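Owing to the predicted nature of the structure, the values given are computational and were not obtained by experimental measurement.
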Amino acid sequence: MNEGSATVLVVDDTPTKLYILSSWLRRSGHEVVQATGGLEALAKVRELRPDLVVLDVRLPDMSGYEVCEQIKADAATSSIPVIQISGAAITPADRAQGLERGADAYLAEPVEPDEFAATVEATLRYYRARQRAERMAERLAALTQVSLAMNSSDTFEGLLATAVEGASRILGRRAGVLALPPDGRTRRFAALPPENIAVSKAAAPDTLLRLSAMSLGNTAGTEVFTVPGSDWTELMPDAEGLGDASAVICRTKIGRPPVYLGVDAVPPLDADEFNVLRQLGQALALSVDALRAYAEEHAIALTLQRSLLPARIPETPGLSISWRYQPAVDNIEVGGDFYEVLRLGDQVLIAIGDVQGHSLLAATVMAELRHALRASLIGTVDLGVSMALLNNVLRRYHPGMTATVCLILIAPETGAMEVANAGHIPPLIIGDGAVHYHDLGNLLLGVAEETYRVDRLTLPEGGAVLLFTDGLIEDRDKLLDESLEIVRQLAEVVEGDLELFCDRLIKQFGAREDDVALVAFRREAPGTGSS
């Protein structure tokens with residue numbers, strides 16, 4: 001049975017035979033192109049890319065065997081089926097040679113019309129099925145690549161742009177996409193082949209709801225439907241002149257906003273193309289949900305993290321203080337980095353620490369240590385006693401966990417300063433023309449019973465101290481000492497405004513894989529300070 005019209009190139013130098021074969025093909029509904037020589041045939045194959053070549057073996061300029069070999073040797077034409085036909089080369093050896101050199105079928109004359117028509121249809125049927133399979137395989141491979149790219153997107157704009165560009169490229173049509181991120185502002189992108197570059201478009205807030213009402217309603221699932229061109233003009237005035245769209249709308253769960261993905265409906269999509277569109281829409285919906293969940297969890301984590309840190313730094317006459325907390329760029333969990341600044345009469349306590357791990361447990365332990373530290377400072381202030389208490393709290397209530405903490409107690413008026421360090425990066429002292437790290441302290445908290453040493457020194461007027469957690473400087477491809485030296489060199493010049501100095505430090509090391517906490521303070525002339 002004929003599966004549809006095809007373009008067939010008939011190659012024969014005998015006018016009568018050329019006419020007869022062409023007539024049989026036209027009677028079967030095919031479009032016929034003719035050639036009378038091998039070179040002419042090869043030129044038309046390259047130019048027209050026919051669906052089938054009917055090729056005489058004996059041609060005046062080159063043999064049909066050679067023509068067939070060249071067709072099959074060219075990657076651009078190798079999939080075009082070739083039927084060789086001959087009234088002279090009719091022996092089994094001739095037929096074997098033709099098939100070995102690339103022919104898909106070989107007919108010896110005289111040929112009956114029915115046999116010829118059946119051979120043509122069988123050959124076309126096989127190659128159409130093969131072409132469909134190859135085309136579908138290419139589309140599925142492209143679909144996999146687009147899905148992976150969508151899953152790797154870290155912004156909603158990037159995700160939607162990837163989806164619409166992928167749909168336009170795979171299906172070779174104008175494509176459009178709409179989705180609603182957590183910020184409540186509908187995003188719309190369109191792409192047009194052959195460039196397939198996503199372009200942001202305006203969209204009314206209710207566009208997705210109206211599209212959903214046309215198909216899926218308020219239910220969850222996936223619906224493929226047609227959006228008439230007249231509806232597009234009503235939904236989006238800038239879409240005037242566009243025709244109907246074949247579209248898919250997906251909602252993963254009831255109550256969640258749907259996502260829309262559509263392409264031009266002309267020419268009509270076949271079953272395979274509809275399947276690709278549906279799978280793209282479903283992959284997009286899952287990726288949007290995952291990114292939405294990530295964004296929401298990240299926002300919750302940051303809110304929780306910041307709620308556990310000081311809401312404000314108290315006024316500290318005689319000290320300028322600047323601080324930073326920067327969460328890990330790729331982690332939605334809360335961490336254990338912390339800092340603290342407390343007024344204790346004429347003195348100021350400045351602390352920084354880092355609890356092992358990056359999880360809700362680490363943040364909880366961090367909060368416990370901060371509260372224990374505050375409690376230890378009621379009454380007599382003794383940094384060694386406070387540090388021992390923190391160590392005991394960690395060992396008793398959270399065995400197996402560790403933390404590093406550095407405590408500094410300073411009297412701004414005199415510059416007298418006490419330092420207790422439990423395994424933390426030593427404070428960087430900046431003053432009297434020198435920049436150096438203070439001595440290493442004692443064992444980190446949570447490991448064993450320890451007597452914590454308290455060092456006493458004086459910070460000159462105008463001198464500064466920098467405290468930071470290891471998240472600022474730890475890199476997989478760099479030694480810790482190298483990064484510590486970079487910080488030391490950066491601190492050789494400290495801006496008059498400590499905020500600028502902290503900004504410069506953060507910018508130097510960029511986005512980090514771990515949380516970063518830092519505190520910088522400077523002893524100022526009497527009567528000055530920061531809040």
Side-chain angles (χ1 to χ4, degrees), residues 1-136 267-268 270 272:
M1 181 180 293
N2 194 333
E3 292 188 353
S5 175
T7 299
V8 182
L9 173 63
V10 180
V11 186
D12 202 305
D13 62 331
T14 305
T16 302
K17 185 178 170 185
L18 190 63
Y19 172 78
I20 292 172
L21 294 176
S22 298
S23 298
W24 289 348
L25 289 165
R26 291 191 181 100
R27 193 181 307 158
S28 297
H30 302 302
E31 180 181 345
V32 177
V33 180
Q34 298 178 336
T36 57
L39 293 176
E40 181 187 2
L42 290 171
K44 289 189 174 179
V45 166
R46 287 190 291 268
E47 177 187 356
L48 303 175
R49 303 290 171 81
D51 301 304
L52 174 68
V53 177
V54 177
L55 178 62
D56 186 19
V57 172
R58 301 290 173 85
L59 296 172
D61 51 354
M62 58 194 303
S63 75
Y65 298 141
E66 294 177 79
V67 175
C68 183
E69 280 183 327
Q70 292 194 35
I71 292 173
K72 297 297 184 177
D74 188 341
T77 60
S78 60
S79 63
I80 297 174
V82 176
I83 298 175
Q84 288 193 332
I85 187 167
S86 178
I90 59 174
T91 67
D94 294 326
R95 290 196 294 271
Q97 182 178 184
L99 295 171
E100 288 171 355
R101 297 178 72 172
D104 297 274
Y106 197 103
L107 294 174
E109 295 181 312
V111 181
E112 293 295 326
D114 290 344
E115 180 188 5
F116 178 72
T119 303
V120 167
E121 298 308 327
T123 305
L124 285 172
R125 184 166 57 248
Y126 171 77
Y127 270 88
R128 282 168 174 162
R130 175 178 167 180
Q131 288 168 353
R132 280 196 300 271
E134 291 175 345
R135 187 163 56 249
M136 192 60 190
D270 60 28
D272 291 341

**Q** Between Arg132 and Asp272, is there a salt bridge with N-O shorter than 4.0 Å?
**A** no

**Q** Report yes or no: does Asp51 contribute a side-chain atom to a donor-acceptor pair with the main-chain N or O of Thr7 at less than 3.5 Å?
**A** yes

**Q** Using every non-hydrogen atom in the two residues, find where Ile71 and Thr77 come nearest and quote the distance to one decimal.
**A** O-OG1, 2.7 Å

**Q** What I want to check is whether the side chains of Glu40 and Thr36 have a donor and an acceptor closer together than 3.5 Å.
**A** yes

**Q** Hey, does the side chain of Ser5 reach the backbone of Gly29 with a donor-acceptor pair shorter than 3.5 angstrom?
**A** yes

**Q** Roughly how far, to the nearest 0.5 Å, is the CG atom of Leu42 from the CD atom of Glu47?
**A** 13.0 Å

**Q** Looking at residues at least two apart in the chain, or sitting in another chain, which of them share a side-chain contact (heavy atoms from CB on, under 4.5 Å) with Glu134?
**A** Arg130

**Q** Taking Asp61 for the side chain and Leu39 for the main chain, is one N or O donor matched with an acceptor at less than 3.5 Å?
**A** yes

**Q** Please identify each residue that fulfils salt bridge (Lys or Arg N to Asp or Glu O under 4.0 Å) with Asp104, with sequence neighbours left out.
**A** Lys72

**Q** Give, for atom OG1 of Thr14 and atom CZ of Arg58, the distance between the pair rounded to the nearest 0.5 Å.
**A** 11.5 Å

**Q** Calculate, to the nearest 0.5 Å, the distance between atoms OG1 and CD belonging to Thr119 and Glu112 respectively.
**A** 11.5 Å

**Q** Apply side-chain contact (heavy atoms from CB on, under 4.5 Å) to the pair Thr123 and Ile83, showing each step before the final yes or no.
**A** CA-CA 8 Å; Thr123 305; Ile83 298 175; 3.8 Å; yes

**Q** To the nearest 0.5 angstrom, please state how far the CZ atom of Arg27 sits from the CG atom of Leu25.
**A** 10.0 Å

**Q** Could you check Val10 against Val33 for side-chain contact (heavy atoms from CB on, under 4.5 Å), going step by step and ending with a plain yes or no?
**A** CA-CA 6 Å; Val10 180; Val33 180; over 6 Å; no

**Q** Taking 4.0 angstrom as the limit, do Lys17 and Glu109 come out as a salt bridge?
**A** yes

**Q** Applying the side chain to side chain contact (heavy atoms under 4.5 Å, CB included) test to Val11, which of Leu59, Asp56, Leu21 qualifies?
**A** Leu59

**Q** Would you say Ser86's side chain and Ala88's backbone share a donor-acceptor pair under 3.5 angstrom?
**A** yes

**Q** Is the backbone N or O of Gly64 less than 3.5 Å from a side-chain atom of Gln84, with the two atoms forming a donor-acceptor pair by type?
**A** yes

**Q** Carefully, step by step, assess Val8 and Val54 under the rule side-chain contact (heavy atoms from CB on, under 4.5 Å).
**A** CA-CA 7 Å; Val8 182; Val54 177; 3.8 Å; yes

**Q** Measure the CG-CD1 distance between Leu55 and Ile85 for me, rounded to the nearest 0.5 Å.
**A** 10.0 Å

**Q** What's the separation between atom CD in Glu100 and atom CD in Glu69, rounded to the nearest 0.5 Å?
**A** 10.5 Å

**Q** Test side-chain contact (heavy atoms from CB on, under 4.5 Å) on Arg26 and Glu31; report intermediate values, then the result.
**A** CA-CA 6 Å; Arg26 291 191 181 100; Glu31 180 181 345; over 6 Å; no

**Q** What ring-ring contact (aromatic ring centres under 6.0 Å, His included) pairs are there with at least one residue in residues 90-125, not counting sequence neighbours?
**A** Trp24-Phe116

**Q** What are the two closest non-hydrogen atoms of His30 and Ala6, and how far apart are they?
**A** ND1-N, 3.1 Å

**Q** Do the side-chain N and O atoms of Gln34 and Ser22 include a donor-acceptor pair separated by under 3.5 angstrom?
**A** yes

